[in-house]
Undergrad: 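This structure is in structure tokens; I'll ask about it shortly.
The model shown is predicted, which means the values in this text are computed figures rather than measured ones. Residue numbers begin at 1 in each chain, while the letters A, B, ... track the order of the sequences.
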2 protein chains.
Amino acid sequence: MGKNSEQILSDHNVSITNPRILVLEALLENKGPITLDELQAILKNKVAKSTLYRVLNDLKKIDILDEFTSPENQTVIELVLEDRAHHHHLFCSDCGEIIDVELSNEFENFLDLEIKKIEEKFKFKISDHRVEMFGKCTDQCENCKS
Amino acid sequence: MGKNSEQILSDHNVSITNPRILVLEALLENKGPITLDELQAILKNKVAKSTLYRVLNDLKKIDILDEFTSPENQTVIELVLEDRAHHHHLFCSDCGEIIDVELSNEFENFLDLEIKKIEEKFKFKISDHRVEMFGKCTDQCENCKS
DNA sequence: AAATAAATGAGAATTATTCTCATTTATGCT
DNA sequence: AGCATAAATGAGAATAATTCTCATTTATTT
């Protein structure tokens, strides 16, 4: 099984505190992206709202938290540990579900070539990229059943 | 030269009003993505803030406005007229510049194949996608010179 | 040109996020 | 283990972003 939250914190030289542990545990348990609203609901009465924002910023600073915005303009966060493979996201506009997706190595190689071309054309140094896909899940999804 | 703003509005069956024209003209003039802050600055004293938000929502409803969030969490908007080629975005973390990028047909075809695989695997119907690239522009950029 | 429906401006209300500061908790040292 | 110090937290105030309200103005239809 994966690292526990205290391990993660000490690995990154930040102090081990209860709110940080609670946030990390919630994110580890969820496995995958989660909206800020959902996380707040999970941690209600356990972590003060201001502290939650602070902890999330702390995790961003030590580079283990990815934050992005859903097509519905919801803030979405996701733990990115070293062992997580590079991946992308799939959004369902019906139920709001966000799914981690891995694309083939073949594809990623092709994209890397494209990126080299872009770097030359625009005199850029590109350090990262993200592919987002938008659509609807059909019927097998928990959320859509409701 | 491209369509004028009144044309665009009537093409989409929405009434032609001054605030809408001003917003469209600002977006047409800018050509490319613009942050909400920048747009607000351009339209200060010309369009009320509440009206600006409303107009942007109107444009989204008629599907000619794309909104997304920069890595710095800035709201970014961009006019998407029918004649705009499908494209992606390149973000500079130094100066905040956002550049429209077109990727090769070859690449888009490859990506479409990948997307078909994803659709099967996750039982999704994918209607759109977006590739975002993050990096730094080197030295030729207006903003970075300052 | 009048009647009706829709859009606007101004600011209030709401929501999201950051900040302040007194108190609590973690860490390093002995 | 126990103290001293620095860091983190909770609660709510402050700020920023967005939506809402409603009286007035502007478009549209006839």
Side-chain angles (χ1 to χ4, degrees), chain A residues 4-27 33-62 64-78 96, chain B residues 4-27 33-62 64-78 96:
Chain A
N4 68 37
S5 31
E6 309 198 9
Q7 190 62 250
I8 295 171
L9 292 170
S10 74
D11 282 356
H12 289 86
N13 291 326
V14 294
S15 54
I16 296 166
T17 69
N18 222 253
R20 286 174 182 170
I21 291 171
L22 289 170
V23 170
L24 278 178
E25 276 175 357
L27 292 175
I34 185 174
T35 66
L36 182 52
D37 285 348
E38 288 170 330
L39 184 61
Q40 277 178 335
I42 292 172
L43 296 174
K44 195 158 47 134
N45 304 328
K46 294 193 195 118
V47 175
K49 199 193 296 201
S50 54
T51 302
L52 177 54
Y53 278 105
R54 260 182 309 220
V55 167
L56 292 176
N57 283 329
D58 295 340
L59 299 182
K60 273 190 238 166
K61 245 177 241 147
I62 60 174
I64 62 170
L65 193 79
D66 190 17
E67 179 181 321
F68 51 96
T69 305
S70 77
E72 290 82 28
N73 275 328
Q74 284 263 298
T75 298
V76 180
I77 55 193
E78 179 175 29
Chain B
N4 68 36
S5 30
E6 309 199 11
Q7 191 62 248
I8 294 172
L9 291 171
S10 73
D11 282 355
H12 289 88
N13 292 324
V14 294
S15 54
I16 296 166
T17 68
N18 221 254
R20 285 174 183 169
I21 292 171
L22 288 170
V23 169
L24 278 177
E25 276 174 357
L27 293 176
I34 184 174
T35 67
L36 181 54
D37 285 349
E38 288 169 332
L39 183 61
Q40 277 178 335
I42 292 171
L43 297 174
K44 198 159 40 133
N45 305 327
K46 294 191 195 120
V47 176
K49 199 194 296 202
S50 54
T51 301
L52 176 54
Y53 278 106
R54 259 183 310 223
V55 168
L56 293 177
N57 283 329
D58 295 339
L59 300 182
K60 273 190 237 169
K61 245 177 241 146
I62 61 174
I64 62 170
L65 193 77
D66 190 17
E67 178 182 323
F68 51 96
T69 305
S70 77
E72 291 82 26
N73 275 327
Q74 284 263 299
T75 297
V76 180
I77 57 194
E78 177 174 31

Undergrad: Can you see which heavy atom on A:Leu22 is nearest to which on A:Leu43, and at what distance?
TA: O-CD2, 3.9 Å

Undergrad: Separation of B:Ile21 atom CD1 from D:dT26 atom P, in whole Å?
TA: 14 Å

Undergrad: Is there a side-chain polar atom (N or O) of B:Tyr53 under 4.0 Å from OP1 or OP2 of D:dT19?
TA: no

Undergrad: Whole-Å distance between D:dA13 P and A:Lys49 NZ?
TA: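 Atom-to-atom, A:Lys49 to D:dA13, this comes out as 13 Å.
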
Undergrad: Is B:Ser50 touching bases, backbone alone, or none of the nucleic acid, heavy atoms closer than 4.0 Å?
TA: base

Undergrad: Tell me, please, the opening and closing nucleotides of DNA chain C, 5' to 3', among those with an atom under 4.0 angstrom from a non-hydrogen atom of chain B.
TA: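 On DNA chain C, the outermost contacted nucleotides are C:dA7 to C:dG11.
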
Undergrad: Where is the tightest heavy-atom contact between B:Leu65 and B:Leu56, given as atom of each residue plus distance?
TA: CD2-O, 3.6 Å

Undergrad: Rounded to whole angstroms, how far apart are CG on B:Leu52 and C1' on D:dT18?
TA: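 Spelled out: CG on B:Leu52 to C1' on D:dT18 is 11 Å.
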
Undergrad: Hey, which sits more toward the 5' end of DNA chain D by its nearest nucleotide, B:Asn57 or A:Val47?
TA: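 Taking each residue's closest nucleotide, the earlier one in sequence belongs to A:Val47.
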
Undergrad: Of the non-hydrogen atoms in B:Ser5 and B:Leu24, which two are nearest, and what is the gap between them?
TA: CB-CB, 3.4 Å

Undergrad: Mind checking if B:Thr51 touches a base, just sugar-phosphate, or nothing, with heavy atoms under 4.0 Å?
TA: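 The residue B:Thr51 makes base contact.
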
Undergrad: Quick check: on DNA chain C, is the nucleotide nearest A:Ile16 upstream (toward 5') of the one nearest B:Val14, or the reverse? Name the residue that is more 5'.
TA: B:Val14

Undergrad: Considering all heavy atoms of both residues, which atom of A:Arg20 and which atom of A:Ser15 are nearest to each other, and what is their separation?
TA: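 Minimum heavy-atom separation between A:Arg20 and A:Ser15: NH1-O, 2.8 Å.
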
Undergrad: My understanding is that only residues two or more places apart in sequence, or in another chain, count here; which of them pass side-chain hydrogen bond (donor to acceptor under 3.5 Å, both in side chains) with A:Gln74?
TA: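 So A:Gln74 forms a side-chain hydrogen bond (donor to acceptor under 3.5 Å, both in side chains) with A:Asp37.
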
Undergrad: To the nearest Å, how far apart are B:Arg20 CZ and D:dT28 C1'?
TA: 12 Å

Undergrad: Taking atom C1' of D:dT28 as reference, at what distance in whole Å does atom CD of B:Glu6 sit?
TA: 15 Å

Undergrad: Given side chains that start at C-beta, do those of B:Ser10 and B:Glu6 come closer than 4.5 Å, heavy atoms only?
TA: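 They are not in contact (no side-chain heavy atoms under 4.5 Å apart), so the answer is no.
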
Undergrad: When the distance from CG of B:Asn73 to C1' of D:dA16 is rounded to whole Å, what number comes out?
TA: 13 Å

Undergrad: Just how far, in rounded Å, is C1' of D:dT18 from CD of B:Glu67?
TA: 11 Å

Undergrad: Check B:Thr17, B:Ile16, B:Asn4, B:Ile64 against B:Leu9 for a side chain to side chain contact (heavy atoms under 4.5 Å, CB included) and give me the one that passes.
TA: B:Ile16

